Amino acid sequence: MIPPEKIVLFEGLLSNPPNFEGLGRFLTEIWPKIIEKHPETRLRVAGHGLQAEQREKWSKIPQVELLGFVSDLVAEYNQSRAVIVPIYTGSGTNIKVLEAMQMGRPCVITNFAAKGFETLLQDGKNILIAQNDAEFAQKLQKLLENHDISAQIAKKDIQTQLKSIPFDAILSKFL
């Protein structure tokens with residue numbers, strides 16, 4: 001079994017173009033930089049809807065585990081060191097960001113994924129917001145290398161959600 005400090009999690013519906021395209025960009029532009037410095041790290045991709053052709057292609061990428069549908073998503077969050085939200089397009093609320101914070105996991109997101117949460121998210125305090133691919137890689141490497149920073153951000157995630165985010169009100173709009 002891989003220790004949690006070596007696991008990065010992506011969760012999302014892969015038939016949704018923003019998720020599919022964002023993960024694709026992450027895998028080609030960012031992931032190679034991560035495994036170059038941290039070859040033991042694994043990316044676990046939870047989410048169904050990936051086309052067979054793309055599944056075959058992505059399954060050949062080193063250190064990537066395509067899980068498909070996961071019945072116990074909480075367990076996936078609990079065994080991960082960090083969560084990524086590489087979303088660059090789309091509209092609507094990016095619930096993945098809130099979910100990662102609720103699970104108490106440090107999260108690296110794009111500046112696009114932060115839209116709509118500007119008053120809640122503080123780069124370097126309760127989340128890591130990347131302005132570009134190089135910065136995304138740098139911030140994820142920072143979480144992988146420094147347990148204290150990772151733990152501090154995760155703690156601030158929980159504090160932010162408890163004090164600032166009306167999760168019940170937000171989630172009720174989706175249920």
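Since the model is a prediction, treat every value here as computed from it, not as a measurement.
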**Student:** Heavy atoms only: give me the nearest P86-T110 pair and the separation to one decimal.
**Tutor:** CA-CG2, 3.8 Å

**Student:** Looking only at non-hydrogen atoms, find the nearest pair between I109 and F136 and report the distance.
**Tutor:** C-CE1, 3.8 Å

**Student:** Answer whether the closest heavy-atom distance between the side chains of E21 and T89 falls below 4.5 Å.
**Tutor:** yes

**Student:** Are any of the side-chain heavy atoms of L14 and L66 separated by less than 4.5 Å?
**Tutor:** no

**Student:** With a 4.5 Å cut-off on side-chain heavy atoms, are V74 and M103 touching?
**Tutor:** yes

**Student:** Working to the nearest 0.5 angstrom, can you tell me the gap between L120 CG and Q122 CD?
**Tutor:** 9.0 Å

**Student:** Would you say that F26 contacts V108 through its side chain, given a criterion of any heavy-atom pair below 4.5 Å between the two side chains?
**Tutor:** no

**Student:** List the steps and the verdict of side-chain contact (heavy atoms from CB on, under 4.5 Å) for W58 and L23.
**Tutor:** CA-CA 10 Å; W58 285 357; L23 181 58; 3.6 Å; yes

**Student:** Does any pair with a residue in residues 67-79 pass salt bridge (charged side-chain N to carboxylate O under 4.0 Å, His left out), and if so which ones, sequence neighbours excluded?
**Tutor:** R44-E76

**Student:** Is there a donor-acceptor contact under 3.5 Å from the side chain of Q131 to the main chain of N111?
**Tutor:** no

**Student:** Hey, does the side chain of Q141 reach the backbone of K33 with a donor-acceptor pair shorter than 3.5 angstrom?
**Tutor:** yes

**Student:** Would you confirm whether N146, through its side chain, and K142, through its main-chain N or O, come within 3.5 Å as a donor-acceptor pair?
**Tutor:** no

**Student:** If hydrophobic clusters are built from ILVMFWY residues whose side chains come within less than 4.5 Å, do V45 and F69 share one?
**Tutor:** no

**Student:** Counting C-beta onward and ignoring hydrogens, is there a side-chain heavy-atom pair between L27 and L43 closer than 4.5 Å?
**Tutor:** yes

**Student:** Using modelled atom types and a 3.5 Å cut-off, is there a donor and acceptor pairing between side-chain atoms of N19 and backbone atoms of L13?
**Tutor:** yes

**Student:** Does E65 offer a backbone N or O that forms a donor-acceptor pair with the side chain of R42 under 3.5 Å?
**Tutor:** no

**Student:** Would you compute the distance between atom OG of S15 and atom CD of Q51 and round it to the nearest 0.5 angstrom?
**Tutor:** 8.0 Å

**Student:** Counting distance only, does the side-chain N/O of W31 pair as donor-acceptor with the main-chain N or O of P62 below 3.5 Å?
**Tutor:** yes

**Student:** Indicate yes or no for a side-chain donor-acceptor contact from R55 to the backbone of L50 under 3.5 Å, with no hydrogens or angles considered.
**Tutor:** no

**Student:** To check you understand the geometry: which heavy-atom pair defines the closest contact between P18 and N16, and what is its length?
**Tutor:** CD-OD1, 2.9 Å

**Student:** How long is the straight-line distance from CZ of R81 back to CG of L143, given to the nearest 0.5 Å?
**Tutor:** 7.0 Å

**Student:** With the side chain counted from C-beta on, respond yes when I87 and K96 share a heavy-atom pair under 4.5 Å apart, and no when they do not.
**Tutor:** yes

**Student:** Is the closest side-chain heavy-atom distance between R25 and D133 below 4.5 Å?
**Tutor:** yes

**Student:** Do L128 and Y88 share a hydrophobic cluster, counting only Ile, Leu, Val, Met, Phe, Trp and Tyr and linking them when any side-chain heavy atoms are less than 4.5 Å apart?
**Tutor:** yes

**Student:** Is there side-chain contact between H38 and E145, with at least one heavy-atom pair below 4.5 Å?
**Tutor:** yes

**Student:** For L140 and A82, which heavy atoms make the closest approach, and how far apart are they?
**Tutor:** CD1-CB, 4.0 Å

**Student:** Within the side chain of K139, is there an N or O that forms a donor-acceptor pair under 3.5 Å with the backbone of I129?
**Tutor:** yes

**Student:** With a 6.0 Å cut-off (strictly less than), is the heavy-atom count around CD of Q54, excluding the residue itself, greater than 12?
**Tutor:** yes

**Student:** Can you name the nearest heavy-atom pair linking A46 to L73, along with the distance?
**Tutor:** CB-CD1, 4.1 Å

**Student:** Does the pair L144 and K6 meet the rule for a side-chain contact (heavy atoms from CB on, under 4.5 Å), with working shown?
**Tutor:** CA-CA 7 Å; L144 293 169; K6 305 297 181 191; over 6 Å; no

**Student:** Could you check whether E99 and Y77, counting side-chain N and O atoms only, form a donor-acceptor pair closer than 3.5 Å?
**Tutor:** yes

